[in-house]
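Residue numbers start from 1 in every chain, and the chains themselves are labelled A, B, ... in the order their sequence lines are given, proteins ahead of strands.
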There are 2 protein chains.
Amino acid sequence: MILGAGMMGTALAWPFVDRGHVVRLVGTHLDGEIVTSLRDRRLHPKLHLDVPDAVEPYFVDELPRALEGADAVALGVSSAGVRWAGQRLAPLLRPGTPLAMVSKGLQRGGAELPILPDGFANELPEAPRATIHPVGIAGPCIAGELARRVPTAIVFTARSSEAVRTWSALAAGPYYHVFPNDDVVGVEVCAALKNAYAMGIALATGMHAATGGTAGSIGFHNLEAALFAQSVLEMRAILRLLGGDPDTANGLAGVGDLDVTCNGGRTGRFGHLLGLGLGPDEAVRRMQGATLECLEILRTLRVALTSYVASGRLLEGALPLAEHLARVALDGAPVDPPLARFFGEALGARSP
Amino acid sequence: MILGAGMMGTALAWPFVDRGHVVRLVGTHLDGEIVTSLRDRRLHPKLHLDVPDAVEPYFVDELPRALEGADAVALGVSSAGVRWAGQRLAPLLRPGTPLAMVSKGLQRGGAELPILPDGFANELPEAPRATIHPVGIAGPCIAGELARRVPTAIVFTARSSEAVRTWSALAAGPYYHVFPNDDVVGVEVCAALKNAYAMGIALATGMHAATGGTAGSIGFHNLEAALFAQSVLEMRAILRLLGGDPDTANGLAGVGDLDVTCNGGRTGRFGHLLGLGLGPDEAVRRMQGATLECLEILRTLRVALTSYVASGRLLEGALPLAEHLARVALDGAPVDPPLARFFGEALGARSP
């Protein structure tokens with residue numbers, strides 16, 4: 001069963017269906033129109049694709065019936081919906097139910113920044129909580145590509161390696177390559193940070209366009225690449241700070257997801273608009289209601305980093321790009337990436 | 001003085017001129033038409049830009065005159081031209097002349113893969129060799145962007161940190177941000193490898209086009225990102241093998257240069273053609289004589305890695321992407337990136 005019939009929740013059905021499973025796809029209260037379309041015409045109106053026959057659409061109030069006899073439950077809701085999903089599922093989940101989530105990232109918090117799988121588990125009553133080990137699904141995956149069976153390499157992470165093996169056995173297939181990673185904190189932190197940094201990298205295309213340039217082999221690629229490299233090094237520094245493995249930033253969940261987020265969608269478009277010189281309010285307006293995880297992450301991150309600096313665990317100025325992005329996207333400061341302050345020793349990296 | 005009036009050699013003049021230096025730009029025997037155009041019209045026919053007044057063009061046979069009284073000498077020739085440049089400059093260089101090179105990468109060799117600054121130094125007679133410490137200029141820098149003063153972050157590396165400081169003082173300026181890195185081997189190896197791996201990452205856009213897809217937010221970005229992440233991890237493994245610092249692959253000289261090479265030019269176009277399904281001969285033909293460093297690097301790398309495997313210093317199959325790229329680009333094997341073999345433990349990385 002998948003809870004959440006948006007683009008990613010629905011796309012996740014493909015690898016399972018292709019492994020021979022029937023997938024009950026349950027819309028949230030925001031997905032009513034999608035479920036209606038799926039029932040009437042099999043068409044997903046956002047993916048612009050028909051869903052396979054083995055996908056059975058359910059409305060949100062049919063959740064208890066959809067859960068009956070389900071072998072495994074995946075959350076396809078946005079990170080903002082994880083708490084809601086936890087509360088809805090808590091009274092219904094059998095102990096030991098395999099549970100996975102494409103929702104990922106950090107919960108809003110003070111300095112502590114709990115990761116979402118832990119946040120979800122905390123919504124459960126004590127009994128199921130002890131037997132349910134949420135698996136985080138992360139790494140570079142554009143929903144519309146997965147649903148078109150584009151070769152995809154993905155990371156499964158959990159505090160239980162058995163839970164990862166269970167999900168891998170259910171989902172892995174010829175175009176859906178699953179790689180386990182036991183660094184839950186590192187994977188989840190990368191999944192969150194990549195939105196903020198992809199927005200930052202996309203500033204460069206906007207700055208190029210603002211000078212009258214058009215997309216092409218001559219652009220602001222030199223700046224873009226400097227932003228990309230600084231992003232990876234700042235992600236490593238933040239992982240170190242939050243107890244993740246910095247090397248997780250080097251692989252699929254880090255540079256891989258960062259790369260796809262720059263290329264694939266709304267986060268990049270939003271960064272482009274900021275790079276053009278639009279203020280955040282105008283840029284948000286032009287995004288016409290698209291979910292912008294980057295803003296939430298930057299808010300959460302700013303609170304946490306300020307507290308880390310205050311307690312002496314982070315050097316002031318060590319993360320000049322993160323600071324600049326927060327000022328641009330949250331405070332409306334002018335775009336002017338501080339290259340001279342990049343690749344500094346305070347980053348904790350030996351070399352630029 | 002800059003030797004080599006191609007795109008990169010010429011573009012390098014900008015930061016020096018903007019720091020108030022006069023730059024004598026000496027064409028090689030391949031640059032005759034460029035020098036003629038610069039003399040007659042100030043126009044660089046490949047950059048499509050007029051050079052600044054402080055650039056003085058010279059033909060190759062005027063090299064001795066151009067060198068007279070020059071404070072510092074930069075090589076702007078391709079990696080294939082480094083030996084030639086060493087031989088031409090050897091009898092003319094005063095001991096202690098500050099020398100830098102945008103040419104970068106690995107010399108063709110057996111298992112040893114000498115880096116270019118060492119290769120160049122070896123061409124010099126003993127006396128100047130002891131006093132000349134070539135500085136390698138690396139990191140993400142598209143020539144056409146540098147000559148348009150796009151903000152650029154660059155790496156200077158050398159076996160002498162004083163040599164790096166000297167060049168940094170000559171060149172660094174408001175749009176040319178210089179970052180020293182003392183890992184000469186790591187920087188030079190990254191500079192070479194990024195051509196091969198950028199070709200590999202570009203296979204994905206070609207594969208997408210081969211299925212009838214057009215560039216857009218739905219493409220083969222999931223595959224592209226998996227290739228990108230695997231590239232970074234293989235680069236780290238190769239750095240470890242060759243005595244560089246694997247962490248150099250995380251920054252400007254690694255992911256930064258890889259990113260720009262994917263976005264910026266001929267290497268990406270060549271990979272795209274291979275991804276379309278064209279054989280290497282046809283793909284090379286369509287590139288109309290463009291220099292393809294990636295082919296040379298793949299040849300050099302294959303010889304070296306085979307020898308490392310034979311001597312037990314590298315596990316067979318540890319670098320599945322490098323192997324696949326060599327088979328595709330050198331042997332004409334069909335394109336089929338082996339995702340199932342990516343992110344393996346033999347890579348030496350803890351996590352995917």
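Here B:Arg236 is the residue among B:Arg269, B:Arg236, B:Met207, B:Gln230 with the most heavy-atom pairs under 4.5 Å with chain A. Ranked by heavy-atom pairs under 4.5 Å with chain A, the first of B:Val255, B:Asp257, B:Leu223, B:Leu252 is B:Leu252. Among B:Gly144, B:Pro151, B:Ala204, the residue with the largest count of heavy-atom pairs under 4.5 Å with chain A is B:Pro151. With chain B as partner, the option from A:Cys141, A:Ala172, A:Pro246 having the largest number of non-hydrogen pairs under 4.5 angstrom is A:Cys141. With chain A as the partner, the residue from B:Leu339, B:Leu233, B:Leu227, B:Leu258 showing the most heavy-atom pairs under 4.5 Å is B:Leu339.
A pairwise comparison of heavy atoms in B:Ala225 and A:Gly256 identifies CB-O, 3.2 Å as the closest pair. When all heavy atoms are compared, the tightest approach of A:Ala226 to B:Ala153 is CB-CB, 3.8 Å. When all heavy atoms are compared, the tightest approach of B:Val150 to A:Gly219 is CG2-O, 3.5 Å. Heavy-atom minimum distance, A:Ser217 versus B:Ile142: O-CD1, 3.8 Å.
Here the side chain of A:Glu145 pairs no donor or acceptor atom with the backbone of B:Ile218 at under 3.5 angstrom.
From A:Phe220, atom CZ reaches atom OG1 of B:Thr152 across 9.5 Å, with rounding to the nearest 0.5 Å. Atom-to-atom distance recorded for B:Asn222:CG and A:Arg148:CZ is 11.5 Å, nearest 0.5 angstrom. Interatomic distance, CE of B:Met235 versus CG of A:Asn250, reported as 11.0 Å (0.5 Å rounding). B:His221 contributes atom NE2, which lies 5.5 Å from atom CG of A:Asn263 (distance to the nearest 0.5 angstrom).
Interface residue A:Pro180: only backbone heavy atoms are found under 4.5 Å from chain B. Heavy atoms of B:Tyr175 lying under 4.5 Å from chain A are absent altogether. Heavy-atom distances place no part of B:Pro337 under 4.5 Å from chain A, backbone and side chain included. Using a 4.5 Å cut-off between heavy atoms, B:Val260 touches chain A through backbone and side chain atoms alike.
Taking the six-membered ring for Trp and thresholds of 30 and 60 degrees, B:Phe343 and A:Phe179 have ring planes more than 60 degrees apart, a perpendicular arrangement.
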